[in-house]
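These numbers were taken from a predicted model, which means no experiment stands behind them. Just follow the structure's listing: the first ligand is 1, and inside any ligand the first atom is 1.
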Amino acid sequence: MTTLADPVPGGRPGDVERATALSGELSGRGVHGVVLAYVDTAGIGRVKAVPTAKLASAAAWGVGMSPVFDTFLADDSIVSTDVLGSPDGDLRLYPDLDQLVALAGQPGWAWAPVDRITQDGERHPACSRTFLRRIVADAAERHGITFRAAVEIEWAVGRGPTADGEFVPAVSGPAYGAVRQVELSDYTADLLAACAAQGVDVEQLHPEYAAGQFEISVGALDPVAAADRSVLVRQTVRAVAQRHGLVVSFAPAVSAQGVGNGGHIHLSGWRDGANLHSGGAGRYGMTAEAESFAAGILTHLPALTAVTAPSPASHLRLKPSQWAGVFTTWGHETREAAVRVVTGTAGLRDQAANLEVKPVDLAANPYLALGCLIAAGLDGVTSSAPLPEEITGDPARLGEAVRRLPTSLAESVEEFREDERLRTALGPVLADAVTAVRLGEIAAVAGLDDERIAAAYRWKY
Ligand code: GLU
Ligand code: MG
């Protein structure tokens, strides 16, 4: 379980001793440096690194980094809000030692996600990991509900790097095809080995639908650890690929046409050790709370897409009949509904039942996406929101009877700006950062056609 306590200057009790022991152990294993990782508002992974010998100092006093990255765009240009985006100020990055691992795909390196606090030891209001820890703590305190989550990861594997940044698929075999599995046999075996060495519990790995596409799914964890894991797995997928002379893209749309890369989120709520999505009197065994949780997500979904599908490239992926879930409906095991109710196999349902949210991609900051989804679901629980009728089959054939999600980033930002519940959950600093960064991305691609938009984000995430 992730500790929900904030970092403090000097270190939380035991942190410095633990970091000292870890740094000795890592040095003994040939680890020279520790990557300190977080994800910015635009969904870009940003890092600093310290020599392994400085880990205890980082655990005690953090590592400095400017807050300006909270309003960075994917192309590294900078926008601003009332309080963010200036060259002033500094923050301290505190590694979470519970999540520190030696990177199997990058010998010589270890990795840890960070929380960011101010130089005065206060929470940084734009730290997305701190936001998610707070949402999870509040859910436990106010509602008595804990969560388990997992982020699915799809990516395209290319030959490369190519001189012009084009994507050249590294495989030619069919979707889910045995040919494709053999074509990248060594890479995928090394990837599984690296995940296992890092303690990542992989559930499945398979060749996916689009050109060069693969997918990995991992076991559920508490939401903060699940978000950390999604960042770590992507770092690993990329690093192992590089050792095989391959390049990878997690972009929502590697090219403008065809099926994109999703980052579907699986989420389940639990009370007193019991799964709220199983064994209840509602549809498919959902409890009343689970139905209302799903209803809350559906209600807020048009605004949520500004967080879960945050890139101009996200809207190249969000198309009907491509399993990206672009209609605000739910269905039982329906892969075209935005929310798929997963019941799992008879005999495992009390453990396995969950909701899968599909209009999520890997341009999303996973901490913001999970925190906002939980806040939206809990809004439904608080108001005992009724869950509408389910759909079956492809909602695209239902016409006006189903609501389509926003078809552009501009439209989803408008929805987000109107959504007081989400803005309140995020707090004004983070909510304004989300708005400013999304508007900045929209301006950055003004006048570009779809292929150029895909190219602009292809190698960023
Ligand atoms: N690639 C699809 C997407 O963009 C998802 C396919 C699947 O359901 O796994 O979301
Ligand atoms: Mg998939």
Side-chain angles (χ1 to χ4, degrees), residues 43 150-158 167 169 171 173-177 180-181 184 188 191 202-220 230 233-234 237 248-267 297 301 304-305 307-344 354-364 366 369 373 391-396 404-407 409 412 450 453-454 457-458 461:
V151 182
E152 290 182 4
I153 293 176
E154 294 185 333
W155 76 100
V157 190
F167 172 71
V171 289
Y176 285 76
R180 219 185 259 197
Q181 196 278 328
L184 284 190
T188 47
L191 176 57
V202 173
E203 296 212 324
Q204 293 177 30
L205 170 69
H206 67 265
E208 251 291 344
Y209 189 87
Q213 197 178 36
F214 281 74
E215 174 173 340
I216 199 164
S217 47
V218 297
S230 121
V233 169
R234 278 178 268 169
V237 164
V248 297
S249 172
F250 299 100
V254 178
S255 53
Q257 301 305 321
V259 169
N261 289 322
H264 306 170
I265 287 185
H266 289 263
L267 192 57
I297 289 179
L301 209 50
L304 279 165
T305 53
V307 175
T308 62
S311 165
S314 301
H315 287 271
L316 303 175
R317 165 184 171 253
L318 288 178
K319 292 177 187 152
S321 310
Q322 299 197 355
W323 290 16
V326 300
F327 294 97
T328 52
T329 56
W330 70 279
H332 176 226
E333 299 291 7
T334 301
R335 286 179 169 75
E336 274 298 335
V339 174
R340 168 183 166 210
V341 168
V342 180
T343 42
N354 69 84
L355 298 180
E356 180 187 38
V357 185
K358 295 179 85 76
V360 186
D361 61 48
L362 300 170
L373 283 170
I391 58 110
T392 55
D394 189 347
R404 173 115 187 237
L405 285 172
T407 54
L409 187 54
S412 64
D450 288 354
I453 292 175
Y457 294 92
R458 186 175 293 138
Y461 303 107

If you take all heavy atoms of [X] and [Y], which pair is closest and at what distance?
| X | Y | answer |
| --- | --- | --- |
| Val171 | Arg180 | CG2-CG, 3.3 Å |
| Ala156 | Ala211 | CB-O, 4.0 Å |
| Glu333 | Thr343 | OE2-N, 3.7 Å |
| Ala324 | Leu318 | O-CD2, 4.1 Å |
| Ala338 | Pro359 | O-CD, 3.5 Å |

Any N or O on [X] sitting closer than 3.5 Å to an N or O of ligand 1?
| X | result |
| --- | --- |
| Ala324 | no |
| Asn261 | no |
| Gln322 | no |

task = Just the protein N/O/S atoms under 2.8 Å from the Mg ion (ligand 2), please, no waters.
result = Glu154 OE2, Glu208 OE2, Glu215 OE1
request  = Report yes or no: does a heavy atom of Glu152 sit under 4.0 Å from some atom of ligand 1?
outcome  = no
task = Decide whether the shortest distance between a heavy atom of Trp323 and an atom of ligand 1 is less than 4.0 Å.
result = yes
inquiry  = Parallel, tilted or perpendicular, judged at 30° and 60°: which one describes the rings of Tyr176 and His206?
reply    = parallel
task = With heavy atoms under 4.0 Å as the rule, classify the contact between Arg335 and ligand 1 as side chain, backbone, both or neither.
result = neither
remark   = Within the 4.0 Å heavy-atom cut-off, what Glu154 brings close to ligand 1 is side chain
message = Before you tell me yes or no, could you show the steps for Trp155 and Ile153 under side-chain contact (heavy atoms from CB on, under 4.5 Å), namely the whole-Å CA-CA distance, both residues' side-chain angles and the distance that decides it to 0.1 Å?
response = CA-CA 7 Å; Trp155 76 100; Ile153 293 176; 4.1 Å; yes
request  = Take Arg340 and His264 through the test side-chain contact (heavy atoms from CB on, under 4.5 Å) and record every step on the way to the result.
outcome  = CA-CA 10 Å; Arg340 168 183 166 210; His264 306 170; over 6 Å; no
message = Set out, in order, the CA-CA distance, both residues' side-chain angles and the distance that settles side-chain contact (heavy atoms from CB on, under 4.5 Å) for Ser412 and His315, then state yes or no.
response = CA-CA 10 Å; Ser412 64; His315 287 271; 4.0 Å; yes
Only heavy atoms of [X], strictly under 4.0 Å: list the atoms of ligand 1 that pass.
| X | result |
| --- | --- |
| Lys358 | 8 (O) |
| Val259 | 1 (N) |
| Glu215 | 9 (O) |
| His264 | 3 (C), 5 (C), 7 (C), 8 (O), 10 (O) |

key: Flag side-chain contact, heavy atom, 4.5 Å: Leu301 against Thr308   = no
query = Can you tell me how far the CD atom of Glu154 sits from the CG atom of Asp361, to the nearest 0.5 Å?
reply = 10.5 Å
request  = Please step through side-chain contact (heavy atoms from CB on, under 4.5 Å) for the pair Val233 and Val218, ending with a clear verdict.
outcome  = CA-CA 9 Å; Val233 169; Val218 297; 4.3 Å; yes
task = For atom 4 (O) of ligand 1, find the nearest protein heavy atom and state the residue, atom name and distance (0.1 Å precision).
result = Arg317 NE, 2.7 Å
